[in-house]
Amino acid sequence: MALLEVRDLHKRFGGLRAVDGVDLVVEAGERRAVIGPNGAGKTTLFNLITGHYRPDAGTVLFDGRDITGAPTHEVARAGIGRAFQITSIFPGLTVHENVQLGIIARQGESRRMVGRAEGLHADEVTAVLEDVGLSPLARETAGNLSHGDQRALELAISVAMEPKLLLLDEPTAGMAPAETRRTMELVRRIADERELTVLFCEHDMEVVFGTADRVLVMHQGRPLVDGTPDEVRTHPEVRRVYLGEEEL
Amino acid sequence: MMRRPTLPSLAWAVAALAALLAPLVANERQVFLLMSILVLAVFSTSFNVLLGYTGLVSFAHAAYYGVGAYTVALVALHLGWSPLLGFVLAPVTTALVAYASGLIALRATRLYFALLTLALGQLLFLIAFQWRSMTRGDDGIHGIVLPPALASTTPRYYFILGAAALALTVLAVVMRSPFGQTLRAIRENRERTGFLGVKVKRYELASFTIGGTFAGYAGGMYAIYNRQAFPELMHWTTSAEPIFVTLIGGLSSFAGPTVGAVVFGLLRDVITRNLEYWQAVLGVVLLLIILFLPGGLVEGVKRIGQLVLGGRGTPPPTAASTSSPSGPADRDAETTGTTGGA
């Protein structure tokens with residue numbers, strides 16, 4: 001059974017059809033990518049899946065449950081972890097505390113008013129930080145980290161929640177080629193080790209082809225092609241609307 | 001892990017000892033000053049649950065303070081109950097009022113939330129001000145009769161001290177719990193906290209209710225030590241007091257509002273006895289602190305302490321190694337080297 005099933009999703013903003021009839025199926029264990037030029041509707045699609053926006057029409061089924069338009073915290077509890085296009089961490093807390101929050105929330109301990117938070121799940125936090133290569137910075141204030149390290153931290157927070165599906169919105173946005181490569185290696189390795197299902201969007205084609213099992217190409221809010229990286233790479237429509245400007 | 005006494009716990013112990021011994025050396029006026037400082041410390045710490053921990057700015061806080069004070073005064077006036085019973089009831093009635101008004105105020109966020117709290121607080125103020133048959137209006141209720149055991153100053157002082165210690169302990173436990181940590185997460189990044197699966201509004205309401213409850217508790221303390229309640233206590237301008245106090249002491253630490261209350265209380269006492277323009281001096285002090293010590297006095301003392309002790313005395317030794325200048329700086333250099341054009 002598919003882990004995530006998006007059926008005929010629509011969202012308009014005024015006259016703009018931001019997402020216009022998108023279908024998307026993500027199988028458990030799959031690494032799935034959504035690509036398209038800027039303004040193709042990738043981020044809107046993600047925001048519809050995670051309940052940030054309510055779709056005008058269509059359904060989002062996750063793990064057999066209808067989560068269409070459900071509030072963010074319910075989507076998260078259902079098992080969707082998300083990393084944002086614009087880095088979203090807890091800047092004033094330490095790196096350690098950032099990851100710890102993910103674990104506390106997962107364990108349903110957020111409402112506990114007695115007992116110290118300090119030191120809670122320390123071993124697991126250390127393990128996650130080691131995984132993403134941030135353990136030397138554990139005591140550092142998260143806001144002081146470099147851009148690349150903050151992205152890694154954001155990934156670590158989401159991983160700590162042990163989501164069934166990890167949603168990454170342009171994980172390499174604003175990164176130089178070397179950093180992009182390192183980040184995607186990290187994503188692949190974490191996904192393998194923790195057997196995560198990953199859905200991510202990108203506009204950088206190379207990033208996608210190296211990582212994704214299947215790719216959905218979007219153009220002006222509509223799905224254009226859905227297939228393996230090779231199928232997408234050679235598809236004439238894709239070459240016309242998307243790859244035209246980039247020589248492959 | 002081995003627990004050594006940390007600097008903050010040592011400071012708390014010294015402060016507690018000083019507070020316990022104070023009546024031996026202080027005169028009556030000074031003991032009253034200390035009681036006002038203790039009340040202000042609880043009031044401001046309860047406010048900092050909202051401001052410092054959750055990132056909520058509320059102008060209704062004085063209204064809850066007043067509800068607490070009026071609970072003591074009204075049950076004494078109309079029902080003839082002991083003010084001590086009123087003191088026990090004060091946080092209960094305030095919790096209900098804070099929860100109900102929080103439900104309304106939290107329909108909005110940020111500025112509109114602050115404006116709603118202003119409106120709700122003023123509404124509560126007006127009830128106290130206008131409902132003469134119940135509250136005696138702006139005359140206020142004065143001369144609450146305390147039980148004989150609390151009639152003289154010294155036992156009353158120890159009662160207030162005990163009440164403050166209890167409130168601060170409870171708040172400290174709650175704020176360092178996973179719940180308190182979740183509130184800090186909301187302060188840092190509301191949206192991200194939602195994506196952790198936390199229902200943010202519910203936690204904000206809990207924070208608002210806890211803060212309000214302890215403001216009412218502080219109001220109850222006020223009604224006991226000063227034996228009165230009057231509408232001005234509830235006016236929105238009274239809400240500014242814990243803001244000043246918290247800014248002076250520092251909103252990023254639990255001790256900040258208490259340190260701020262001591263400094264604010266002593267300063268106000270010294271200045272108003274010698275000078276007419278207390279507000280002007282307060283303004284200058286706040287300006288200097290915000291400009292030169294944005295973290296407040298506690299943060300300033302911490303920084304000085306780190307300079308003097310060379311980083312020892314703060315968390316475990318591993319912290320010193322990562323926060324040494326070479327660690328993160330090296331990493332920055334490494335990553336900025338590759339980020340270049342981005």
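Chain identifiers are assigned alphabetically (A, B, ...) following the order of the sequence lines, protein sequences preceding nucleic acid strands; residue numbering begins at 1 within each chain.
- Counting heavy-atom neighbours within 6.0 Å of Arg65(A) CZ, excluding the residue itself, gives a total of 12 or less.
- In this structure, the portions of Thr193(B) lying under 4.5 Å from any heavy atom of chain A include both its backbone and its side chain.
- Residue pairs meeting the salt bridge (Lys or Arg N to Asp or Glu O under 4.0 Å) criterion with at least one partner in residues 159-175 of chain A, sequence neighbours excluded, are Lys42(A)-Glu170(A), Asp63(A)-Lys164(A), Arg82(A)-Asp169(A), Arg106(A)-Glu162(A).
- Every residue two or more places apart in sequence or in another chain that forms a side-chain hydrogen bond (donor to acceptor under 3.5 Å, both in side chains) with Ser158(A) is listed here: Arg192(B).
- In this structure, the ring pair (Phe, Tyr, Trp, His ring centres under 6.0 Å) partners of Phe179(B), at least two apart in sequence or on a different chain, are Tyr203(B).
- In terms of non-hydrogen atom pairs under 4.5 Å with chain A, the most contact-rich of Gly180(B), Gly194(B), Ala206(B) is Gly194(B).
- Taking 4.0 Å as the cut-off between side-chain N and carboxylate O, Arg181(A) and Glu185(A) do not count as a salt-bridged pair.
- Glu179(A) has no carboxylate O lying under 4.0 Å from a charged side-chain N of Arg151(A), or vice versa, which leaves the two without a salt bridge.
- Identified by a heavy-atom distance below 4.5 Å to chain B, the contributing residues of residues 119-128 of chain A are Leu120(A), in residue-number order.
- Your options are Arg111(A), Glu154(A), Glu74(A), Glu109(A), and the one with the most heavy-atom pairs under 4.5 Å with chain B is Arg111(A).
- With a 4.5 Å cut-off on non-hydrogen atoms, Ile104(A) touches chain B through its side chain but not through its backbone.
- Looking at Leu183(B), there are no atoms closer than 4.5 Å to chain A (heavy atoms on both sides), in backbone or side chain.
- Annotation: Phe292(B), atom CZ; neighbour count of heavy atoms from other residues, nucleotides and ligands within 6.0 Å does not exceed 12.
- Gln100(A) touches chain B through its side chain: at least one heavy atom from C-beta onward sits under 4.5 Å away, while N, CA, C and O do not.
- Within 6.0 Å of atom CZ in Arg112(A), more than 12 heavy atoms from other residues, nucleotides or ligands are found, so the atom counts as buried in its surroundings.
- For the set Gly115(A), Ala105(A), Gly81(A), the count of heavy-atom pairs under 4.5 angstrom toward chain B peaks at Gly115(A).
- Around atom CZ of Arg188(A), more than 12 heavy atoms belonging to other residues, nucleotides or ligands sit under 6.0 Å away.
- Here the closest non-hydrogen pair linking Thr54(B) and Ser207(B) is OG1-OG, 2.7 Å.
- When Gly143(A), Ala117(A), Ala76(A) are compared by the number of non-hydrogen pairs under 4.5 Å with chain B, Ala117(A) comes out ahead.
- Interface remark: Thr50(A) contributes backbone and side-chain atoms alike to the contact with chain B (heavy atom separation under 4.5 Å).
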